[in-house]
Amino acid sequence: MMEKRYDSKAAEAKWYPFWENNGCFHDEPGKGTPYSVVIPPPNVTGILHMGHALNQTIQDILVRWRRMCGFNTLWLPGTDHAGIATQNVVEKALKKEGKRRQDLGREAFVARVWEWKKQYGGTIVHQQRMLGNSTDWRRERFTFDEGCSKAVTKVFCDLFNEGLIYKGNYIVNWCPRCGTALANDEVEHEANHGHLWYIKYPVVGSAKGAAGEPYKDYVMVATTRPETLPGDTAVAVNPKDERYAHLIGKTVILPLTNREIPVISDDYVEKEFGTGIVKITPAHDPNDFLVGKRHGLEEINIMTDDGHMNELAGAKYVGMDRFKCREALVADLEAGGYLDHIEDYDNQVGHCYRCHEVVESRLSKQWFVKMKPLAEPAIEAVKSGEVRFVPKRWENIYFNWMNNIQDWCISRQLWWGHRIPAYYVRGNASEEGKGKREEVFVVAENAEKALEKAKAVTGNSALTLADLEQDPDVLDTWFSSWLWPFSTLGWPEKTADLDYYYPTADLVTAQDIIFFWVARMMMAGIHFMKKPPFKNIVIHGIVRDAQGRKMSKSLGNSLDPLELIEAYSADALRFSIALITSLDCDSKVSKEKFEIGRNFATKIWNAARFMEMNREATPQAGFGAARGPVQLSADEKQILWACDLACRKMNEILERYRIQDGALAIYDFFWTQICDWYVEYAKDAPDKATAFAILRDVYWKALRLLHPYMPFVTEEIAHQLGYLKEGESIMRAAYPTGYTDEEKAAWGLSQEVYDFVNAKREAITALRALRAEYKVPPSTFVKVTVATDDPKVAAEVDSLKRAMRAESVAFVPAGSDLAMPSKMTAFGTVYLSLEGLVDKAAELKRIEGELVKLAGFIKSSEAKLANEQFTAHAPAAIVEEARRKLAENKEKVVQLEKLKRLFA
RNA sequence: GGGCUAUUAGCUCAGUUGGUUAGAGCGCUUCCUUGACAUGGAAGAGGUCAGUGGUUCGAAUCCACUAUAGCCCACCA
């Protein structure tokens, strides 16, 4: 006996372990057509948020659907080691013990992070199970596990050997406190109320001026960062700026240093900003760095790793903190007469997302991947249509980024991550010049191989492992993620999984990591596997709150998927998310939205209970099994036709990734078609056995159609109603494709019958509306008349009677003229006998309103039909429809006029 | 500054290649605890489809411009 209420918690607790333990998520390579998807691996430090819920619900729907369609399916789960985030978490924990990572030393610290991972790293993986994800946990991977690490090392070595990885000077975001380079997304920009300092740079050869103004001729620059002045190696103007054309090529004196620097011209300079002259400091500003590269300028690094001035800043400032130096330097400029004036100025300043220190742009030695050669085939793969973006418009964004791609800085000054497989030969790494290192290094997959290479390179066969020192840096976390679609399948080994499941089919992700992740996976996949890693890139929106703001911890507007599951069930969460998901735009969610999913689960549960109560009247063999010709009523034919439509529609919709349309379609079929109409019909069907056999069959199809959206409740009901035997799962039941032509013919299904029944429902609705309009109490039986010449309509007398609580249903010829309230329908005009129940004044008012409305329509409709252009150009069916509507409404007017006289 | 997207009912959104009197859910109003379901049922109100112009016999749909909002990229030294 089914419980009165659906117990979602019990079902979830029961079915997830059942699926997992019985291998329902697991296929072996071999038979059938593969359908594989890799999950975007969440950070191992992460906890499940709405973004995951959305992303994974979409994937699970696609995967479950394909699996039921008979594909050999793999949805591969895993987590990302998330270098900086994870290291940060553990450092915080250490801090509570009053320790820093340096106190432990590298090895002990990394061991400590692994320890943390072991203990807490399973959190999100556990939470993903709560969602109902049908990921193959037997193939779960971690970007820092042994296999993925091997792949990372091999990729680094291969790219290095191909000349695509190099070590070079580059300007990076640098946190002086953390002592590491930061990726662009690790820098948080904040509004800053600062100043613009206007500084005069004397032109060489100009005459001395009056007292307090040492030179007559000078150029004036404006800067927000005067302390970087000692690093200037040029000043620049815009080449189109006539004011300064005469200066280009001249030389100016850098104040306080007496160094001479050139005046150059570059498009980068904005004429309107400041004075239109900018100082160029290649070692301390990313734009200046690029300008410096274009003009071959010297790069002078005037700061130390921890944000203090070094000897190149000038003897006076050595060792000074960068902000202290700013004050000192400005004071000196003023004293020397170089400072013209200061303005207030608001700009954005970058801060370290971890410690909030002001980020420094800094020249440093980092490892880079040359991206251009990798990008070209990846562009081509999308251009040729081999890989498709869904929706298509994301292609432009992809192309735009790929065409302007910059080299990728892959080194990070962290301890947690894949260590760079470069080995320096000690003794050859000598200090030379100021802060510059001349290095001899080799790149190899392990220390032993590195030693052999080092011997060859140096010609010193006496070298030992002790003479080698591995690069202390680790790789950017994305350097392992970009291999995810093949490293997780066993690459570089030649495994059966890799052979069978690569390339994957769909990649589902949000727009925010198209560049970081998707584009790079494309490049890596094509380069190392010779095939793009997926065929379709499905991009969905971001989950926002009811006000359209991004969900974030600091705003406190996040919804917790786990709380929603607790309150509404996993199925409700999934269904509601699917229902509000549009691939084209972001989704706004609020708690109330999840009631839709919960209510839907309740609805189908109650429909199941209804069926169970009628189990005895229902042939358990099922309707579909009895294939012979049968005599079916119109309503029975209608639901079978509707079911066939729903099956076809769902498959088409999912083929096109229209997750939301699918949710709407199955919702409507289940609720409106089955529950609102067919179940009501079945209660009083003339042939109950047939009616219930059909209900049983249609319901089973509907359950399976719904399963990818609501896996738990569908599984539970499938067992409760005996559609499945113990040990079976709806997950492996066939996804319905509709009825065969033979079946449809045998049962006499057709569009005509379907339309006929829908017309009947329209008539019933019209009569209910009349009842409501005239405030006929529900308990009152009424007299109904239908004007029609269709004998099929007359045959429906019984079902009409029941549906509208009619005392009698009479039929009169079409066009009959009755003095009763009526509505026209495709079924015929329906009349309701009121027998003195009416408030005449109110009714008159209503009729007047109705007539005005109709007159408007008739006028425009007649004009349209009188237009020869319309009748000539529009499709015949459209014109015909317009004529029919016009006639219908004219008839309506006649009826209303009559009623008006009656009530007057 | 460059690009993208949106603007349809009070709210959240559908609306397939232009073609019925523009739809759904929530909310609201009225009625209904009749044996699956009040997490429900029936009915109803509510929209000049952001604005202007254009193309067309016909525009929510195509084009241009404008307004508003949001996102991305580049960012002013």
Side-chain angles (χ1 to χ4, degrees), chain A residues 2 4-6 189 196-197 221-225 228 236 268-270 272-281 285-288 291 345 347-348 391 393-394 396-397 400-401 404 511-512 514-515 541-542 544 546 548-550 568 572 576 579-580 582 584-590 592-593 595-614 656 658 660-661 664 667-668 672 675-676 679-680 683 765 768-773 775-779 805 853-854 856-857 860-861 864 867-875 877-882 884-885 889:
Chain A
M2 290 176 74
K4 191 166 164 66
R5 277 172 180 245
Y6 167 56
H189 289 271
L196 262 183
W197 284 268
V221 305
T223 179
T224 54
R225 304 208 47 205
T228 63
Y268 154 70
V269 181
E270 300 278 335
E272 284 72 32
F273 190 90
T275 59
I277 306 175
V278 57
K279 67 191 211 53
I280 301 295
T281 323
D285 181 278
N287 289 306
D288 292 6
V291 173
Y345 181 67
N347 64 348
Q348 299 267 316
R393 65 189 161 86
W394 293 107
N396 290 331
I397 293 171
N400 192 34
W401 190 74
N404 299 302
Q511 64 223 33
D512 52 350
I514 293 180
F515 308 138
I542 293 171
R544 299 177 175 279
R549 298 173 305 180
K550 226 171 172 172
Y568 300 111
S576 292
L579 195 63
I580 58 178
S582 164
D584 291 318
C585 55
D586 295 347
S587 312
K588 290 185 197 169
V589 304
S590 58
E592 298 73 47
K593 298 245 167 160
E595 290 176 7
I596 301 170
R598 180 201 55 189
N599 295 354
F600 188 36
T602 305
K603 188 72 183 177
I604 65 170
W605 180 260
N606 281 313
R609 282 181 61 222
F610 172 76
M611 289 170 64
E612 204 205 22
M613 290 172 72
N614 290 282
R656 294 167 53 216
R658 308 277 300 200
Q660 182 184 41
D661 291 354
L664 280 168
Y667 186 86
D668 177 70
T672 310
C675 294
D676 286 351
V679 164
E680 293 306 315
K683 284 177 182 171
T765 303
R768 284 177 183 162
L770 284 173
R771 283 189 76 118
E773 278 166 32
K775 306 219 184 307
V776 180
S779 53
R805 287 184 79 73
K853 243 175 162 176
L854 284 170
F857 174 74
S860 70
S861 200
K864 192 162 146 189
N867 185 340
E868 282 170 28
Q869 297 285 358
F870 171 67
T871 46
H873 289 87
I878 299 296
V879 178
E880 203 38 56
E881 181 70 11
R884 203 182 63 72
K885 285 274 170 183
N889 282 292

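Proteins come first, then strands; the chains are lettered A, B, ... in the order of their sequence lines, and each starts at number 1.
As judged by a 4.0 angstrom heavy-atom cut-off over every strand, E881(A) is placed among the base-contacting residues. Residue contacts for I596(A): at a heavy-atom cut-off of 4.0 Å it reaches the sugar-phosphate backbone alone, with no base atom in range. Counting non-hydrogen atoms under 4.0 angstrom, G276(A) reaches a base of the nucleic acid. Heavy atoms of V679(A) sit under 4.0 angstrom from at least one base atom. Using a 4.0 Å heavy-atom distance criterion, E880(A) is classed as making no nucleic acid contact. Using a 4.0 Å heavy-atom criterion, one finds that A607(A) contacts the bases of the nucleic acid, with or without backbone contacts as well.
Closest to the side chain of A874(A), out of U21(B), G19(B), G41(B), is G19(B). Taking every side-chain heavy atom of R768(A) into account, A43(B) is the closest of A43(B), C72(B), G15(B). When distances run from any side-chain atom of R393(A) to the nucleotides G19(B), C37(B), C4(B), the shortest one goes to C4(B). Side-chain proximity of T765(A) to the nucleotides C57(B), A36(B), A43(B) is greatest for A43(B). For K593(A), whose side chain is taken as the heavy atoms from C-beta onward, the closest listed nucleotide among A36(B), U12(B), G19(B) is U12(B). With U21(B), C72(B), C37(B) as the choices, the nucleotide that has an atom nearest any side-chain atom of K4(A) turns out to be C37(B). In the set A36(B), C57(B), U39(B), C57(B) carries the atom at the smallest distance from any side-chain atom of N867(A). Taking only side-chain atoms of K885(A), from C-beta outward, the nucleotide of U21(B), C13(B), A77(B) with the closest atom is U21(B). The side chain of N889(A) approaches U21(B) more closely than any other nucleotide in the set U12(B), U21(B), A14(B). Proximity note for L664(A) (side chain, C-beta onward) versus A36(B), C13(B), A24(B): the nearest is A24(B).
Look at A9(B): it lacks any Watson-Crick or wobble partner with both distances under 3.5 angstrom. Summarising the base pairing, G40(B) is matched to C32(B) through a Watson-Crick or G-U wobble pair whose two defining distances lie under 3.5 Å. Across all strands shown, U21(B) has no partner, as no Watson-Crick or G-U wobble contact with both distances under 3.5 Å is found. For C71(B), the paired base is G3(B) (Watson-Crick or G-U wobble, both distances below 3.5 Å).
Looking only at side-chain heavy atoms (C-beta outward), Y667(A) and I596(A) come within less than 4.5 Å of each other.
Atom pair M613(A):CE and U34(B):P shows a separation of 14 Å (rounding to whole Å applied). To the nearest angstrom, P of A14(B) lies 14 Å from CZ of R656(A). Counting to the nearest Å, the C1' atom of G19(B) and the NE2 atom of H873(A) are 13 Å from each other. Between I878(A) atom CD1 and G58(B) atom P there is a gap of 16 Å when expressed in whole angstrom units.
The base of U39(B) has none of its N or O atoms less than 3.5 Å from a complementary donor or acceptor on the side chain of N606(A). Donor-acceptor pairing under 3.5 Å, judged by distance alone, is present between the side chain of R5(A) and the base of U39(B).
Here K279(A) contributes atom NZ and T228(A) contributes atom OG1; the two are 2.5 Å apart, rounded to the nearest 0.5 Å.
A donor-acceptor contact shorter than 3.5 Å links the side chain of N606(A) to the backbone of T602(A). Using a distance-only test at 3.5 Å, with no hydrogens or angles considered, no donor-acceptor pair links the side chain of D285(A) to the main chain of T281(A).
Annotation: A60(B) and C49(B) have their C1' atoms spaced 5 Å apart (nearest Å).
Looking at E612(A) and R609(A), no side-chain N of the basic residue comes within less than 4.0 Å of a carboxylate O on the acidic one, giving no salt bridge.
Two residues, N396(A) and I277(A), neighbour RNA chain B, and the one matched to the more 5' nucleotide by heavy-atom proximity is N396(A).
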